[in-house]
Amino acid sequence: MELLSRLADSVEQGQSDNAKDFTQQCLDQGMEPNNVLLEGLMAGLNVIGGRFKRNECYIPEVLLAAKAMHQGLEILRPLLSDADAQSLGKVVLGTVEGDVHDIGKNILGMMLEGSGFEVIDVGVNTGADKFIETLQQEKAPILALSALLSTTMPALKKTIEALATAGMRDTVKVMVGGAPVTQEYADKIGADGYAVDAATAVDVAKSFL
Amino acid sequence: MKPRERFIAAIKRQETDRVPRFNRYVGAVKQKMAPIFGVDPNEFEIKQGNDGVLIQIGINGEYSHRLVGEGETYTSEWGVKYQGIHGFNQPVEHPLKTAELGGYKFPDPNKPERMDAIRAAMKQYHQDYAVMVDLSCTLFEAGFHLRGMENFVMDAYENEQFVMDVIDGLSNYYEKIGNRAIQEGIDVIRIGDDVGVQTGLIMPPDKWRQLVKPYLKRMIASFKQTNPDIIVKYHSCGDFSTIIPDVIEMGVELIGSMQPCGALADPFKIKEEFGDKVAFLGGLDVQQLLPNGSPQDVREGVKKVLKAYASGGGYVWMPAHYVNVDVPLENIWAMLEAVKEYGNFPINID
Ligand code: B12
């Protein structure tokens, strides 16, 4: 128990080397890999997510925590059984066409992953076609769209419309976000969800399940 | 009164006849507006009433004005590879792959042609207009180009010395080209580093004070040594309010772009807190109001910004960023008209 909370702390504090060591030590003591994942790695990332949401920490600290989590995850991954590795669900994530801002999107991806979602990140400047293609390939039920520019907000709407044209509007839940996006705008374009920050976005994604 | 005098008086926090203007438009909007005004797109900003001109040099000047075809790439003299995406050049490959400077060579600040655009602008405009030279993307933000934004902000925790070495190299470069520009007789030198996001600084203020501030301070001191009267402007996007006192302490006289987010969302409070020590530029919301508001909303927005920041002087008009392609023409008109109508001293807005 002691060790698990030290692992969680090391993730929260973004200490990659410690996260790696403690993950290994947990395994050496015979703990279940899935337990180590949930109560060590993910627990740590969730704490930092909450602090970020409350404006109690800074962007690099979130990035470092995610990096530390990944260090531990690399050790765990081959050991997780198929049942353990069952994700909450797949999320296709990307920044819309004409927009190259990606820090917010990446933080969201890390938080989703840290909460048990499988994230397929299609990158920046992504057209509706690409989103649709990926959703179909992955059979993903959730689409997360990021837009950081008022000039690219219309691409959120365009993507949702393209989804409808492709006959997928009823099978895919769409959430939108990014600095200029508001709940009001999200409602206006018929998105299923919106969040002002990444930690809240995870709750929104969970509410889709 | 000449536009240049008006511009400088505003920075010296004096009231004159009217608030000076410094609207900036992205290229596509200039192209659209210029025919309406019957002017050349390159002259548009001055012809629509600006009191000064801006010349960008350095990393930003180079990458943001170079035309690169959609999907095409080019590598700058900094070794950064850019790709053209919808008219914007996105850094896709960074020369510093690990947290080591290794043999990295910063570009030569002494190349003669670096002053060409400045000399041309001085010749064409300085008689009447203020000339501002922009070194933006100067220190911390320039590091994003050389190393990638995520890597560089993490380096600030894991490899502090490396971050300081990069910033030292950058500040040597910018100090030299900045001083050369000042010797050409310009009025304002602009240092820009986007360290703010919607809710505050990207990193803790103490990190910034440790890793960035000393170099900024050295650079500004050097500028003042070259010309004690040079006006230094500091720019950051987002909410950088926590470091405004530091910026003022270093001798900055003008700050922008006062994007109304976080603590900057209340311009009255910001003016009250800092208005006796520094002048402001910017402030009108470009994320919601300007593109999506009605012309009447825009008018009210302009009135609020002018009332807060311009009362008593100490303010240069500009929205919080470029006027972008999503701003309807009628909102641009509403903005220009409202500034004309309400931007006269004494400011009288209720
Ligand atoms: C860093 C930055 C850049 C970097 C981006 C680097 C990168 N790799 O991402 C660079 C230099 C490339 C850049 C370029 C430009 N930028 Co810029 N940029 C910024 C800046 C300073 C910070 C953005 C950031 O990283 N924030 C931190 C992250 C963590 O926050 P976030 O993205 O908002 O994400 C959070 C939430 O929104 C939410 N979220 C995000 N996505 C999603 C998705 C979903 C589904 C959900 C639920 C939630 C969610 O969760 C995140 C974490 O909590 C902002 C300033 C600002 N006020 O935001 C300007 C800003 C966004 N940029 C702006 C502009 C104008 C530009 C340029 C056009 C400038 C130019 N001409 O060169 C170009 C456009 C490039 C393009 N085509 O995309 C303007 C936009 C104004 C407008 N009209 O909307 C801003 C607001 C600055 C300003 N003063 O006005 N920029």
Side-chain angles (χ1 to χ4, degrees), chain A residues 13-17 51-68 70-71 95-107 109-110 123-127 147-157 177-185 188-189 196-198, chain B residues 26 28-29 70-71 82-92 144 148-158 163 194-208 211 237-239 242 259 261-263 285-293 320-327:
Chain A
Q13 279 158 33
Q15 300 159 341
S16 283
D17 290 346
R51 286 177 48 206
F52 187 57
K53 173 180 169 172
R54 293 189 301 275
N55 242 326
E56 292 166 8
C57 75
Y58 291 86
I59 290 168
E61 293 160 28
V62 181
L63 297 173
L64 286 166
K67 185 171 152 194
H70 276 273
Q71 297 286 329
T95 304
V96 295
E97 186 159 11
D99 200 322
V100 303
H101 295 82
D102 68 357
I103 310 292
K105 165 185 77 65
N106 294 351
I107 291 181
M110 293 161 192
V124 297
N125 183 34
T126 304
L148 260 285
L149 298 166
S150 59
T151 46
T152 56
M153 278 164 67
L156 296 170
K157 182 164 178 252
V181 184
T182 58
Q183 179 70 56
E184 195 189 345
Y185 184 78
K188 201 174 104 190
I189 62 171
V196 68
D197 64 83
Chain B
V26 298
V29 177
E70 185 68 22
Y82 296 95
Q83 183 172 37
I85 295 178
H86 287 248
F88 174 77
N89 298 338
Q90 148 85 341
V92 286
F144 300 170
M149 183 169 170
E150 281 184 28
N151 287 333
F152 202 59
V153 299
M154 286 195 279
D155 291 336
Y157 285 72
E158 295 186 317
V163 168
D194 279 349
V195 292
V197 296
Q198 293 293 116
T199 45
L201 285 193
I202 275 183
M203 62 181 148
D206 280 340
K207 269 259 172 256
W208 179 86
L211 302 179
C237 287
D239 173 11
T242 41
Q259 193 192 330
C261 59
D285 176 34
V286 297
Q287 289 177 299
Q288 291 294 341
L289 179 67
L290 199 54
N292 302 325
H321 212 290
Y322 294 105
V323 175
N324 215 319
V325 289
D326 57 348
V327 180

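Every chain is numbered from 1 and lettered A, B, ... according to where its sequence line falls, protein lines coming before strand lines. Computed from a prediction, not measured in an experiment: that's the story for all the values here.
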Closest-packed option against chain A by number of heavy-atom pairs under 4.5 Å, given B:L201, B:N324, B:I85:
B:I85
Greatest number of heavy atom pairs closer than 4.5 Å to chain A - which of B:V286, B:D285, B:I202
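Looking at each of B:V286, B:D285, B:I202 in turn, B:I202 comes out on top.
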Engaged part of [X] at the chain A interface, taking heavy atoms whose separation is under 4.5 Å:
| X | value |
| --- | --- |
| B:L290 | neither |
| B:F152 | neither |
| B:Q198 | side chain |
| B:P204 | both |
| B:V197 | side chain |

Any chance CD of A:E56 has more than 12 other-residue heavy atoms, nucleotides or ligands included, within less than 6.0 Å?
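Counting neighbours around CD of A:E56, more than 12 heavy atoms of other residues, nucleotides or ligands fall under 6.0 Å, so yes.
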If you round to the nearest 0.5 Å, how far is [atom2] of [Y] from [atom1] of [X]?
| X | Y | atom1 | atom2 | result |
| --- | --- | --- | --- | --- |
| B:N292 | A:K188 | CG | NZ | 6.0 Å |
| A:L63 | B:N151 | CG | CG | 9.5 Å |
| A:I59 | B:M149 | CD1 | CE | 6.0 Å |
| B:W208 | A:Y58 | CH2 | OH | 13.0 Å |
| B:Q90 | A:D102 | CD | CG | 7.0 Å |

For A:P60 and B:M154, work out which heavy atoms get closest and say how close.
O-CG, 4.3 Å
What is the minimum heavy-atom distance between B:F88 and A:V100, and which atoms define it?
CE2-CG2, 3.6 Å
Quiz question: by atom type and distance under 3.5 Å, do the side chains of A:Y185 and B:Q288 form a donor-acceptor pair?
no
Is it true that A:K67 and B:E158 make a salt bridge, defined as a side-chain N closer than 4.0 Å to a carboxylate O?
yes
